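Side chains included, hydrogens not; waters and symmetry mates left out as well; all remaining heavy atoms used. This one's a predicted model, so the numbers in the text were calculated from it and none came from an experiment.
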Amino acid sequence: MGRLIVISNRVGQPDDTRGASVGGLAMALGAALREYNGIWFGWSGRTVETFTGQLSVQRGQGATIATVDLEEQDRDEYYNGYANRTLWPLFHYRIDLSAYERSFNEGYARVNARFAQTVLPLLEPDDFIWVHDYHLIPLARELRRRGVKNRIGFFLHIPWPARRLFATLPLHRELVEAVFDYDLVGFQSHDSLSAFEDYVRGEAEGEIDSGGIAQAFGRRVRLGVFPIGLDADAFMAAARGEAAAAWRERMRVSLAGRRMIIGVDRLDYSKGLEERFLAYEEYLANTPEALEQVFLLQIATPSRDEVEAYQEIRARLDAVTGRINGAFATPDWVPIRYVNRTYRRDELAGIYSMAAIGLVTPLRDGMNLVAKEYVAAQPPEDPGVLILSRFAGAAEQMEEALIVNPFSREEVSDAIEAGLAMPRDERVRRWESLIEGVRRHDVAAWRDAFVEALLAAPCSPADRLATAEP
Ligand code: ADQ
């Protein structure tokens, strides 16, 4: 059995022993890396004046972490540019925010080539390679160009957009053609898979067979849906731990008998925070008896603040929160508690567990793990209600949530009202079904299904030879 090589923009800390405080993905991949004696390769996050391709290698318990520094221009054009100003908004249906600049595209191609060049000496013939996310879509093409014939899989953590939107990207065809250099491509949801298939059929004159193999550009790739999950048992254990208990007590005092609605998100325009605040305002305006009895705690961690659209959404949220609080607050109550900080996962678990409603209303989201964390943190005998956007990948799995259209203030406002009024037996019934799914489709199941499919994917060196460039 070969080794597993994980490649992502940034590497995690798989040897960290803080368990649930670190995050499920790093823990799950860490376990697989140990099992397959693997390597995790990515950008160090540092920049240097001139790219050297010098690898920095750290050997941990079973897993090796290898990183490389990039140039400042790489960070600007590849990371802040093509990844976060072109692809991220486009893949989240925000073509109004998507910047198409030739230099970004050049930076993206350059960094993918640099990744391929740097990782190449680490590869052995039996290794299998798992590439993560939109930063690295053309990486397999760059590796194939350098003669790599190993199995390579790709997992997209964010949505794949509808065909007509995707076609607004200059060089869209080239990017999809690069997808066909993988052996396996995994999506979070059926919605993303069918958007990709639609493009292959409609724009690339390709075909998809009943076994999920797509053919186009004279090549084949296996497609599949692999919904990511939590390290559910670790998160549930964290919710029973000391840090969670301390936060529960602190929140109990500060609730003073009121009911809490919670949102936890990276501060990102795709998460629908402004629309959420406006829907909550509508709820307050229509429900006078809720005033002073309910509040929304929104924890929003600042993110990607070098990108202008993120500075703008942050300023808008400051303004909307200020306006709503100014209009409705009383001397001893504010309707929105707005917090721009990061908390440890075990602390978050305690805070989630005190909320009567988990309000998860992204406008588009690959999966959304907050929805699953909220469910995993609930007390089984008196669980809260999850309100979930139909445009999150999680909605395909979490049917017992109150599913809403996040663009409709009325619908979200009605769901808040229904959630707060829901009798305990209905809450318990819905939660039992939700938690069963969260535990069954956990991060280990996701990882194992992907690795198994990658090892089983048809891999034909002859096809590869035909496509390798001189
Ligand atoms: P994200 O867009 O980051 O991930 P999400 O799935 O919601 O979205 O994960 C966010 C994580 O960050 C959660 O674990 C959450 O607890 C944590 N977090 C957010 N705010 C926090 C705070 N203030 N303090 C501490 N932790 C905080 C991308 C895709 C998603 C997909 C994931 C995984 O956009 O759709 O679910 O990858 O594939």
Side-chain angles (χ1 to χ4, degrees), residues 1-11 29 32-33 35-44 51-57 63-70 74 78 82-83 107-156 174-186 213-224 447 450-470:
M1 175 72 71
R3 301 173 309 168
L4 168 64
I5 313 293
V6 172
I7 307 181
S8 54
N9 173 55
R10 297 294 303 274
V11 297
L29 290 178
L33 287 164
E35 185 179 340
Y36 294 99
N37 190 24
I39 301 175
W40 193 342
F41 171 72
W43 175 33
S44 63
F51 181 76
T52 61
Q54 175 73 45
L55 270 173
S56 154
V57 179
T64 299
I65 301 292
T67 56
V68 67
D69 300 339
L70 293 174
D74 294 335
Y78 147 82
Y82 205 74
Y108 188 65
R110 182 175 65 246
V111 170
N112 273 270
R114 286 180 165 174
F115 261 53
Q117 195 63 36
T118 310
V119 80
L120 198 62
L122 296 176
L123 301 180
E124 293 172 8
D126 282 349
D127 292 345
F128 59 104
I129 303 168
W130 185 359
V131 178
H132 289 260
D133 231 359
Y134 59 103
H135 314 86
L136 300 174
I137 296 172
L139 187 62
R141 183 185 64 199
E142 294 301 329
L143 290 167
R144 301 292 182 213
R145 281 179 175 167
R146 289 163 177 77
V148 171
K149 304 206 177 55
N150 304 50
R151 286 175 197 282
I152 315 181
F154 177 79
F155 182 76
L156 183 68
E174 195 187 38
L175 197 65
V176 172
E177 186 171 357
V179 170
F180 281 77
D181 277 313
Y182 289 96
D183 297 293
L184 171 70
V185 171
I213 307 258
Q215 292 211 30
F217 310 102
R219 277 169 288 151
R220 286 145 46 95
V221 59
R222 180 182 289 276
L223 307 176
R447 173 200 68 205
F450 190 91
V451 167
E452 191 182 315
L454 178 57
L455 292 174
C459 172
S460 157
D463 287 356
R464 300 296 166 224
L465 282 179
T467 61
E469 293 193 357

When rounded to the nearest 0.5 angstrom, what is the spacing between [atom1] in [X] and [atom2] in [Y]?
X      : Y      : atom1 : atom2 : result
Trp40  : Leu29  : CH2   : CG    : 4.5 Å
Tyr108 : Tyr134 : OH    : OH    : 9.5 Å
Phe41  : Thr67  : CZ    : OG1   : 8.0 Å
Leu70  : Arg114 : CG    : CZ    : 7.5 Å
Phe51  : Gln117 : CZ    : CD    : 8.5 Å
Leu455 : Asp183 : CG    : CG    : 10.5 Å

Flag side-chain contact, heavy atom, 4.5 Å: [X] against [Y]:
X      : Y      : value
Ile129 : Val148 : yes
Leu136 : Tyr78  : yes
Thr64  : Leu122 : no

Discussion item. Consider ring-ring contact (aromatic ring centres under 6.0 Å, His included). Of Phe450, Trp130, Tyr182, Phe180, which one does Phe154 pass it with?
Written reply: Tyr182
Fill in: Option passing salt bridge (Lys or Arg N to Asp or Glu O under 4.0 Å) with Asp181 (candidates Arg219, Arg220, Arg151, Arg141)
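The option that passes is Arg219.
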Can you name the closest pair of heavy atoms from [X] and [Y] and give their distance?
X      : Y      : answer
Ala32  : Arg447 : CB-CD, 3.3 Å
Val451 : Phe128 : CG1-CE1, 3.9 Å
Arg222 : Ala457 : NE-CA, 4.2 Å
Ser8   : His132 : CB-CB, 3.8 Å
Ser44  : Arg10  : O-NH2, 3.4 Å
Ala214 : Leu223 : CB-CD1, 3.8 Å

Worksheet entry | Side-chain donor/acceptor of Asn150 to backbone N/O of Glu124, under 3.5 Å | yes
Practice prompt. Sort out for me which residue in Leu4, Leu184, Ile152 forms a side-chain contact (heavy atoms from CB on, under 4.5 Å) with Leu454.
Written response: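 Of all the options given, the one that passes is Leu184.
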Worksheet item: Taking Pro138 as the fixed residue, which of Leu143, Val131, Val111, Asn112 is the one that meets the side-chain contact (heavy atoms from CB on, under 4.5 Å) rule?
Response: Asn112
Fill in: Pair Thr52-Asp69, side chain to side chain contact (heavy atoms under 4.5 Å, CB included): steps then yes or no
CA-CA 8 Å; Thr52 61; Asp69 300 339; over 6 Å; no
Discussion item. Suppose we screen for side chain to side chain donor-acceptor pair (under 3.5 Å). Which residues come up paired with Asp133, at least two apart in sequence or across chains?
Written reply: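 Partners of Asp133 under the side chain to side chain donor-acceptor pair (under 3.5 Å) test: none.
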